Protein chains: 2
Amino acid sequence: MDDHLTAWTVQVRKGLLEVLVLNALRSAGEAYGYDLVRSLAGHPGGDLGEGTLYPLLSRLRLQGLVATRLVESDAGPARKYYRLTPAGEHTLDAMNDHLDTVLAGWKRLRARRS
Amino acid sequence: MDDHLTAWTVQVRKGLLEVLVLNALRSAGEAYGYDLVRSLAGHPGGDLGEGTLYPLLSRLRLQGLVATRLVESDAGPARKYYRLTPAGEHTLDAMNDHLDTVLAGWKRLRARRS
DNA sequence: CCTGGTACCTTGTATAACGATGTACGAGGT
DNA sequence: ACCTCGTACATCGTTATACAAGGTACCAGG
């Protein structure tokens with residue numbers, strides 16, 4: 001029974017993780033992948049691996065929602081910093097609004113328990 | 001840009017639709033598929049087709065979260081009524097709690113805008 | 001006889017999360 | 001020299017799901 005619940009949480013994260021990352025990116029102003037993994041780990045529902053985040057960031061870049069900037073590091077490999085584009089800001093607002101709407105429907109149905 | 005947003009909303013619905021239906025089922029006590037499509041259409045984010053709902057209900061039945069009851073109708077084909085099982089009630093509570101947790105993380109990140 | 005509403009179901013396509021795996025760099029220990 | 005650890009990026013295969021499109025069947029009214 002727990003088996004099905006964990007499978008469900010995976011499905012819920014689809015798309016929801018995208019808004020989470022975009023919001024984190026806007027609040028940080030600028031951040032690189034490896035850092036996002038660690039900072040989001042503290043947030044509820046923000047527990048993701050690198051195999052999840054890097055493809056996500058790549059998609060966002062291809063869609064023009066974020067822009068990247070390579071910065072060499074003294075200790076370790078170069079970091080790829082991400083920040084929102086104007087289109088990304090606009091899209092994020094639309095996403096947040098959409099979530100508000102959908103969740104309003106959820107809360108309404110949830111309240112009416114028998 | 002709207003193209004990407006509509007694709008995103010599809011991904012958000014994955015899994016989220018399942019909680020919506022389960023909550024609707026609990027608040028109604030008992031309901032059949034065709035009726036759920038119409039009643040959920042009024043709720044924000046509850047716009048779904050039959051090709052979405054029927055496979056969803058089948059999955060829920062296979063997982064033991066809902067039970068079915070066939071009732072013949074005077075006008076039209078027989079209706080398959082669905083209602084939550086005890087396991088379904090328990091799982092639904094866990095889902096609602098999980099959503100509460102995840103959405104708390106979303107709201108926290110969303111509040112901190114630059 | 002045909003249309004339209006009710007009611008169920010299946011198939012194919014596209015998309016995303018995630019674990020596993022791989023690459024590469026620098027610092028510190030032995 | 002060698003190894004290990006932490007940093008940092010990336011890709012692949014599996015699995016699960018929404019959705020449109022299409023299909024079946026029943027009943028009533030024109």
Side-chain angles (χ1 to χ4, degrees), chain A residues 3-22 31-41 45-63 65-66 68-82 95 98 102, chain B residues 3-22 31-41 45-63 65-66 68-82 95 98 102:
Chain A
D3 200 30
H4 161 246
L5 257 181
T6 52
W8 173 75
T9 58
V10 171
Q11 298 301 322
V12 165
R13 290 165 73 85
K14 301 208 173 190
L16 217 56
L17 215 48
E18 196 168 314
V19 211
L20 217 73
V21 167
L22 284 174
Y32 58 97
Y34 197 78
D35 190 46
L36 275 174
V37 172
R38 284 177 306 183
S39 64
L40 282 176
D47 233 350
L48 41 61
E50 305 170 25
T52 300
L53 183 64
Y54 287 123
L56 201 167
L57 289 172
S58 285
R59 285 199 308 270
L60 294 176
R61 196 176 59 92
L62 285 176
Q63 292 159 356
L65 304 185
V66 300
T68 59
R69 185 171 67 99
L70 258 182
V71 178
E72 294 184 37
S73 172
D74 299 352
R79 297 166 175 172
K80 190 181 276 185
Y81 281 88
Y82 293 82
M95 285 175 169
H98 178 79
V102 172
Chain B
D3 201 29
H4 161 248
L5 257 181
T6 52
W8 173 76
T9 58
V10 170
Q11 297 303 319
V12 166
R13 290 165 72 88
K14 301 207 173 189
L16 215 56
L17 215 48
E18 195 168 314
V19 212
L20 216 73
V21 168
L22 284 174
Y32 58 97
Y34 197 78
D35 190 46
L36 276 174
V37 171
R38 284 178 304 184
S39 65
L40 282 175
D47 233 349
L48 40 61
E50 305 170 25
T52 300
L53 183 64
Y54 287 123
L56 202 169
L57 289 172
S58 285
R59 285 199 309 270
L60 294 176
R61 197 176 59 91
L62 285 176
Q63 291 158 357
L65 304 185
V66 299
T68 58
R69 186 171 67 99
L70 257 182
V71 177
E72 296 184 35
S73 174
D74 298 352
R79 298 167 175 172
K80 192 181 274 183
Y81 281 88
Y82 293 82
M95 285 174 169
H98 179 78
V102 171

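Keep in mind it's a predicted model, so treat the numbers as computed, not measured. In what follows, chains carry the letters A, B, and so on, assigned in the order in which the sequence lines appear, proteins first and then strands, with residues in each chain numbered from 1.
Nucleotides of DNA chain D that come within less than 4.0 Å of any heavy atom of chain B span, from the 5' end to the 3' end, D/dT17 to D/dC27. Chain B approaches DNA chain C within less than 4.0 angstrom (heavy atoms of the protein), and the contacting nucleotides run 5' to 3' from C/dT6 to C/dA16.
Closest approach of B/Leu36 and B/Val21 over heavy atoms only: CD1-CG1, 4.4 Å. Here the closest non-hydrogen pair linking B/Arg13 and B/Gly45 is NH1-O, 3.1 Å. Counting all heavy atoms, side chain and backbone alike, B/Leu16 lies closest to A/Val12 at N-CG2, 4.3 Å.
Contact annotation for B/Asp74: backbone-only contact, meaning every heavy-atom pair under 4.0 Å involves sugar-phosphate atoms and none involves a base. Counting any heavy atom pair closer than 4.0 Å across all strands shown, B/Gly49 reaches no nucleic acid atom.
Mapping B/Tyr82 and A/Ser73 onto DNA chain C by nearest heavy atom places B/Tyr82 at the nucleotide closer to the 5' end. Toward the 5′ end of DNA chain D lies the nearest nucleotide of A/Arg79, the other residue of the pair A/Ser58 and A/Arg79 mapping further downstream. Take the nearest nucleotide of DNA chain C for A/Pro55 and for A/Pro77: the residue whose nucleotide is more 5' is A/Pro55. Mapping A/Tyr34 and A/Trp8 onto DNA chain D by nearest heavy atom places A/Tyr34 at the nucleotide closer to the 5' end.
Between A/Glu18 and B/Gln11, the closest side-chain pair of non-hydrogen atoms is not below 4.5 Å. No side-chain heavy atom of A/Leu53 sits under 4.5 Å from any side-chain heavy atom of A/Leu17.
Separating the CZ atom in B/Arg79 from the CG atom in B/Asp35 is a distance of 7.5 Å, to the nearest 0.5 Å.
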Could you please spell out the steps behind the side-chain contact (heavy atoms from CB on, under 4.5 Å) verdict for A/Val37 and A/Thr52? CA-CA 9 Å; A/Val37 172; A/Thr52 300; over 6 Å; no
Mind running side-chain contact (heavy atoms from CB on, under 4.5 Å) on B/His4 and A/Leu65 for me, showing each step along the way? CA-CA 10 Å; B/His4 161 248; A/Leu65 304 185; 3.4 Å; yes
